[in-house]
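Only this structure's heavy atoms are used, side chains among them; waters, hydrogens and symmetry mates stay out.
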Amino acid sequence: SDQLDSAFFSLDDPIFMQLSAESAPLVLEDAQADTRWRIWGGHPETHSWAAVPLFSGGQLFGTIEIGRLRVDPFSPNDLFLFQVFAHQVGAALQNATLHGIEQQLATTDLLTGLYNRRGFIDIARHEIERSWRFHRPLCLLMADIDIFKQVNDTYGHIAGDAVLVQLADTIRTTLREVDVTCRYGGGEICILLPESDMQGAQRVAERLRLAVQNEKFRYREVEISITISIGLANLAVP
């Protein structure tokens, strides 16, 4: 019987190296007689075996392999069918990757890597519905860089952008992974805190305020200090 499977090789594996170098199917009439098969640690019951390179966006990232439990070499027609299947799989993976990139670009602020308004609103809507349904606490922080216009006027907008990027990093290291952060506009940052009541949100806000106050933001050789003001709101769940 035939066995169809997928495999991912290490980059220094001799089988993967040949597939990468030749970008063509690799056929072993009897895998058990091939030292590369033993090095790789292939299945001891497999004999005739073929691997077809799996490409996505022109990049080799794995293979689709098929093996037989007997010595019965694959025909050229077999290999053609394998290649057609591998091409379809690669195209589907590339489309899925491109779709994921498009979705990320549509919901991400390109400067800071935080969510933009669109991405944030989508997640906030889901979190609000979840909080209402399961009667769980939910809080929102709205932070604004104090006198951010002065930073831009004094050091230039490129310096202001550098401050925003570093501010986003500070927020990431201060908050939990489940917290959702959005660059709402300019120097405004919106943060959603799932499973946090008002008391917990106040602690988070103060911790974040101090982290920003104590952070030394830099642009080239210039050290810039900023502070933020934070407002809080909570969802009144039944």
Side-chain angles (χ1 to χ4, degrees), residues 6 8 56-57 61-62 88-149 151-152 160-215 217 226-238:
S6 62
F8 295 87
S56 179
F61 68 94
Q88 292 174 336
V89 171
L93 289 172
Q94 184 178 6
N95 289 337
T97 300
L98 291 174
H99 178 71
I101 293 173
E102 290 175 356
Q103 287 293 102
Q104 182 177 10
L105 291 174
T107 60
T108 303
D109 175 61
L110 297 181
L111 177 64
T112 62
L114 303 175
Y115 283 104
N116 60 21
R117 282 196 200 184
R118 173 181 171 181
F120 182 78
I121 289 172
D122 287 344
I123 294 178
R125 183 180 296 113
H126 170 77
E127 287 296 335
I128 290 171
E129 291 175 354
R130 188 186 67 84
S131 293
W132 273 93
R133 182 179 304 147
F134 299 107
H135 311 290
R136 303 303 303 167
L138 178 67
C139 282
L140 179 75
L141 306 183
M142 179 66 83
D144 194 9
I145 300 176
D146 298 324
I147 324 177
F148 187 51
K149 183 178 183 299
V151 174
N152 287 324
D161 286 349
V163 167
L164 285 170
V165 171
Q166 294 169 65
L167 174 62
D169 290 337
T170 300
I171 292 172
R172 289 188 189 96
T173 58
T174 304
L175 300 182
R176 306 169 301 175
E177 288 188 11
V178 297
D179 299 329
V180 183
T181 307
C182 158
R183 183 188 177 196
Y184 200 74
E188 298 173 332
I189 304 294
C190 200
I191 303 168
L192 199 65
L193 303 176
E195 298 295 328
S196 293
D197 56 19
M198 200 63 172
Q199 186 176 10
Q202 289 174 345
R203 289 195 297 267
V204 172
E206 181 62 11
R207 185 166 67 246
L208 181 59
R209 186 189 68 80
L210 290 174
V212 173
Q213 177 180 290
N214 295 329
E215 184 71 32
F217 299 89
I226 63 170
T227 58
I228 58 174
S229 298
I230 306 175
L232 295 79
N234 70 312
L235 180 67
V237 295

K.L.:
Assess whether a salt bridge exists between E127 and R136, defined as any Lys/Arg side-chain N lying under 4.0 Å from an Asp/Glu carboxylate O.
P.N.:
no
K.L.:
Given 3.5 Å as the limit, does a donor-acceptor pair link the side chain of R209 with the main chain of V212, or not?
P.N.:
no
K.L.:
Can you tell me how far apart OG1 (T174) and CG (D169) are? Round to the nearest 0.5 Å.
P.N.:
10.5 Å
K.L.:
Do T112 and L167 come close enough that some side-chain heavy atom pair is under 4.5 Å?
P.N.:
no
K.L.:
Counting neighbours of OH on Y115 that are heavy atoms of other residues, nucleotides or ligands and sit closer than 6.0 Å, is the number greater than 12?
P.N.:
no
K.L.:
At what distance, to the nearest 0.5 angstrom, does OG of S196 lie from CG of L175?
P.N.:
9.5 Å
K.L.:
Roughly how far apart are D179 CG and L208 CG, rounded to 0.5 Å?
P.N.:
10.0 Å
K.L.:
Only one of S131, P137, C139 passes side chain to side chain contact (heavy atoms under 4.5 Å, CB included) with E195; say which it is.
P.N.:
P137
K.L.:
When rounded to the nearest 0.5 angstrom, what is the spacing between CG in L140 and CD1 in I191?
P.N.:
8.5 Å
K.L.:
Supply the atom-to-atom distance I230 CD1 to I189 CD1, rounded to the nearest 0.5 angstrom.
P.N.:
10.5 Å
K.L.:
Once rounded to the nearest 0.5 Å, what's the spacing between atom CG of N152 and atom CD1 of I147?
P.N.:
12.5 Å
K.L.:
How about S229 and D144: does a side-chain donor come under 3.5 Å of a side-chain acceptor?
P.N.:
no
K.L.:
For a side-chain contact (heavy atoms from CB on, under 4.5 Å) check, start with the C-alpha distance between Q213 and L210, then their side-chain angles and the critical distance, and finish with the verdict.
P.N.:
CA-CA 5 Å; Q213 177 180 290; L210 290 174; 4.2 Å; yes
K.L.:
Do L114 and R172 have side-chain heavy atoms sitting under 4.5 Å apart?
P.N.:
yes
K.L.:
Atom OH of residue position Y184 - does it have more than 12 heavy atoms of other residues, nucleotides or ligands inside 6.0 Å?
P.N.:
no
K.L.:
Could you pull out every donor-acceptor pair under 3.5 Å between side chains of residues 197-204 and any protein atom, sequence neighbours left out?
P.N.:
from	atom 1	to	atom 2	distance (Å)
D197	OD1	Q199	N	3.3
D197	OD1	G200	N	2.8

K.L.:
Quick one: does R183's side chain have a donor or acceptor within less than 3.5 Å of a partner on A168's backbone?
P.N.:
no
